[in-house]
Amino acid sequence: MESTDKVVETVIVGNYVEMESEGKPNNNNDIKSKFSNLFWHGGSAYDAWFSCASNQVAQVLLTLPYSFSQLGMLSGVSFQLFYGLLGSWTAYLISILYIEYRTRKEREKVDFRNHVIQWFEVLDGLLGKHWRNVGLAFNCTFLLFGSVIQLIACASNIYYINNNLDKRTWTYIFGACCATTVFIPSFHNYRIWSFLGLLMTTYTAWYLTVASLLHGQVEGVKHSGPTKMVLYFTGATNILYTFGGHAVTVEIMHAMWKPQKFKAIYLWATLYVLTLTLPSAASVYWAFGDLLLDHSNAFSLLPKSPFRDMAVILMLIHQFITFGFACTPLYFVWEKAIGMHECKSMCKRAAARLPVVIPIWFLAIVFPFFGPINSSVGSLLVSFTVYIIPALAYMFTFKSAAARENAVEQPPKFVGRWAGSFTINIFVVVWVLIVGFGFGGWASMTNFIHQIDTFGLFTKCYQCPPPPGSPPPFLPHVGAPHPSPANITHHHHL
């Protein structure tokens with residue numbers, strides 16, 4: 001970017017008007033504006049890659065070994081590769097629909113400089129209000145529960161460093177901390193956070209891998225998965241959820257200076273994420289086998305050490321960042337609903353955003369089931385939000401010959417142009433509807449209800465060891481003593 005005297009430069013690319021924001025708060029090359037550009041104002045393809053990669057993996061890293069124990073090693077690896085590819089394809093579709101919508105609107109001279117385009121607006125502009133309402137309902141519910149999961153994960157993780165407070169109390173504390181995300185204006189401002197977030201998950205993934213390999217297999221380790229249909233499909237939908245982190249794709253794209261560069265970014269992000277998820281999940285499962293069926297958080301089985309404490313702390317910071325990622329689109333929707341979206345004062349907008357955090361806080365205290373809640377959200381919400389709706393929307397947008405002819409982006413040759421892309425979309429819809437929503441929904445809800453029956457709602461300390469004095473019915477041998485082997489329960493099949 002060479003222009004220093006212009007804050008906003010408009011570039012015409014074909015039919016597509018692009019707003020390349022310099023992101024400079026003032027024209028002076030002072031230290032403050034340089035600092036702001038370096039850490040705060042991101043809009044490059046690299047920023048988008050960091051945002052996608054750090055947003056995709058987060059706390060799911062800790063539940064993937066649990067999924068492997070439900071699926072077995074072969075299915076675990078296969079589902080990760082398969083859903084990684086499927087997720088990249090639907091993120092590509094979302095990016096094409098975004099560019100189509102924005103180009104049509106800009107031909108009508110609509111200016112988006114103070115407005116963040118969201119997925120429901122893309123659906124509204126291309127397909128009408130019924131699509132908008134369905135997209136909005138699924139997206140908001142998914143992002144709401146995505147934020148809830150981050151809070152549950154924070155409480156679950158900190159407990160392994162400090163078990164003086166129960167997990168519910170930790171949820172209250174982290175709810176208050178996460179409420180500070182109301183002050184982050186938009187995805188432009190996640191540059192340093194998404195960069196740090198990816199470093200944190202990279203460290204944690206390799207810590208899990210190395211610590212498991214050094215620990216070695218526990219005595220009498222068993223790898224009996226898959227044993228039950230319920231567990232198999234619960235594990236599969238957790239992996240569906242892992243690669244379904246692109247409910248915020250449109251907002252991340254909109255924060256880019258050149259959104260049409262986004263097409264392949266999600267695929268590259270997914271390939272990097274696979275280098276983290278495959279080794280860590282496989283090695284933890286190799287070391288602990290069926291013990292993971294009762295330990296949905298991988299930290300609970302590894303012996304306490306400074307390296308583990310470091311991984312827990314980094315994941316806590318990362319969960320705060322991911323909470324912001326999941327919540328920011330909800331803040332935008334809420335601002336638009338109450339007419340505050342184009343307000344220039346960040347303090348007023350922050351105050352207006354606070355009511356969004358309260359239901360998230362409440363739900364995290366009601367359903368603290370770390371692990372099972374991921375699968376439930378994956379099957380009932382992610383399946384539609386990021387797989388079925390984008391695939392259907394793409395086919396309906398381009399169903400007429402005229403729409404296909406005038407499309408801003410033609411499908412690539414290697415997928416077989418329009419016929420090939422429509423065929424892939426039909427496969428995605430049918431597969432996710434039957435396997436993800438149908439079998440996955442049945443399995444994860446059965447598992448979820450079982451957690452409620454076993455632990456109860458508002459449970460104080462989900463999957464914590466029994467109090468001293470009551471001998472545990474099942475105490476896994478985990479190599480070295482540590483304060484809190486999670487989830488010692490009377491049943492060994494969950």
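Note that the numbering runs from 1 along the sequence shown for the chain.
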Next item on the list: Mark yes or no for whether His223, through its side chain, and Trp286, through its backbone, hold a donor-acceptor pair below 3.5 Å.
Entry: yes
Checklist line | Reported OH-to-CD distance for the pair Tyr285 and Gln70, which is rounded to 0.5 angstrom | finding: 10.5 Å
Notebook entry, point to check: Can you tell if the side chain of Ser280 reaches within under 4.5 Å of the side chain of Thr209, non-hydrogen atoms only?
Noted result: yes
Checklist line | Separation between CG of Leu136 and CG of Asp124, rounded to the nearest 0.5 Å | finding: 10.0 Å
Margin query: Holding to salt bridge (Lys or Arg N to Asp or Glu O under 4.0 Å), I want the full list of residues that pass it with Glu100, two or more places apart in sequence or in another chain.
Written below: Arg104
Margin query: Let me confirm one number: the CG-OH distance from Leu127 to Tyr101, rounded to the nearest 0.5 Å.
Written below: 12.0 Å
Notebook entry, point to check: side chain to side chain contact (heavy atoms under 4.5 Å, CB included) between Phe243 and Leu86: does it pass, once the steps are laid out?
Noted result: CA-CA 8 Å; Phe243 294 99; Leu86 224 58; over 6 Å; no
Notebook entry, point to check: Short question: side chain of Arg308, backbone of Leu302 - any donor-acceptor pair under 3.5 Å?
Noted result: yes
Margin query: Using only atom types and a distance under 3.5 Å, with no angle test, would you say the side chain of Gln80 pairs donor to acceptor with the backbone of Leu274?
Written below: no
Check: Which atom names give the shortest non-hydrogen contact between Trp442 and Met229, and what distance separates them?
Finding: CH2-CB, 4.0 Å
Next item on the list: State, yes or no, whether a side-chain contact exists between His295 and Phe288 at a heavy-atom distance under 4.5 Å.
Entry: no
Next item on the list: Calculate, to the nearest 0.5 Å, the distance between atoms CG and CG belonging to Leu267 and Leu85 respectively.
Entry: 7.5 Å
Next item on the list: Please lay out, stage by stage, how Leu276 and Thr201 fare under the test side chain to side chain contact (heavy atoms under 4.5 Å, CB included).
Entry: CA-CA 8 Å; Leu276 306 181; Thr201 44; 4.3 Å; yes
Notebook entry, point to check: Distance from Phe120 atom CZ to Cys140 atom SG, nearest 0.5 Å?
Noted result: 7.0 Å
Next item on the list: Mind listing the closest non-hydrogen atom pair of Ser212 and Ser283 along with its distance?
Entry: CB-O, 3.5 Å
Item checked: Nearest non-hydrogen partners of Gly197 and Ser54, listed with the distance -> C-CB, 4.0 Å
Note to self: With heavy-atom distances below 4.5 Å as the criterion, would you say the side chains of Ile94 and Tyr266 are in contact?
What the structure shows: no
Check: How many angstroms lie between OH in Tyr66 and CG in Leu292, if you round to the nearest 0.5 Å?
Finding: 10.0 Å
Margin query: In this structure, is the centre-to-centre distance between the rings of Phe398 and Tyr394 below 6.0 Å?
Written below: yes
Notebook entry, point to check: Are any of the side-chain heavy atoms of Thr237 and Phe437 separated by less than 4.5 Å?
Noted result: no
Check: Heavy-atom count around Phe82 CZ within 6.0 Å, excluding the residue itself: above 12?
Finding: yes
Margin query: Determine whether Val333 and Leu143 satisfy the following criterion, side chain to side chain contact (heavy atoms under 4.5 Å, CB included), listing intermediate values before the conclusion.
Written below: CA-CA 11 Å; Val333 173; Leu143 291 167; over 6 Å; no
Margin query: If you define the side chain from C-beta out and look only at heavy atoms, does anything of Leu278 sit under 4.5 Å from Leu81?
Written below: yes
Checklist line | Min side-chain heavy-atom separation Leu330-Trp334 under 4.5 Å | finding: no
Item checked: Which atom of Leu64 lies closest to which atom of Ala281, heavy atoms considered -> CB-CB, 3.9 Å
Note to self: Against Glu121, only a single residue in Lys105, Arg132, Lys336 fulfils side-chain hydrogen bond (donor to acceptor under 3.5 Å, both in side chains); can you say which?
What the structure shows: Lys336
Next item on the list: Report, as yes or no, whether the 6.0 Å neighbourhood of atom OH on Tyr203 holds more than 12 heavy atoms from other residues, nucleotides or ligands.
Entry: yes
Next item on the list: Flag the pair Ser194 / Trp49 as yes when at least one side-chain heavy-atom distance between them is below 4.5 Å, and no otherwise.
Entry: no
Note to self: Does the plane of the ring in Phe299 sit parallel, tilted or perpendicular to the ring in Tyr207? Use 30° and 60° as the thresholds.
What the structure shows: tilted
Note to self: Taking the side chain as everything from C-beta on, heavy atoms only, tell me whether Leu380 gets closer than 4.5 Å to Phe142.
What the structure shows: no
Item checked: Derivation and outcome, side chain to side chain contact (heavy atoms under 4.5 Å, CB included), residues Cys52 and Trp268 -> CA-CA 9 Å; Cys52 288; Trp268 292 116; over 6 Å; no
Note to self: For the CH2 atom on Trp131, are there more than 12 heavy atoms of other groups (residues, nucleotides or ligands in this structure) within a distance under 6.0 Å?
What the structure shows: yes
Next item on the list: Please name the pair of heavy atoms, one in Ser75 and one in Tyr232, separated by the smallest distance, quoted to 0.1 Å.
Entry: OG-OH, 2.9 Å
Note to self: Thr397: which residues meet the side chain to side chain donor-acceptor pair (under 3.5 Å) condition with it, sequence neighbours left out?
What the structure shows: none
Checklist line | Check: Trp89 ring centre within less than 6.0 Å of Phe427 ring centre | finding: no
Next item on the list: Evaluate the ring planes of Phe79 and Tyr83, with Trp represented by its six-membered ring, and classify them as parallel (under 30°), tilted (30 to 60°) or perpendicular (over 60°).
Entry: parallel
Notebook entry, point to check: If you look at every heavy atom in Leu97 and Leu126, which pair is closest and at what distance?
Noted result: O-CD1, 3.6 Å
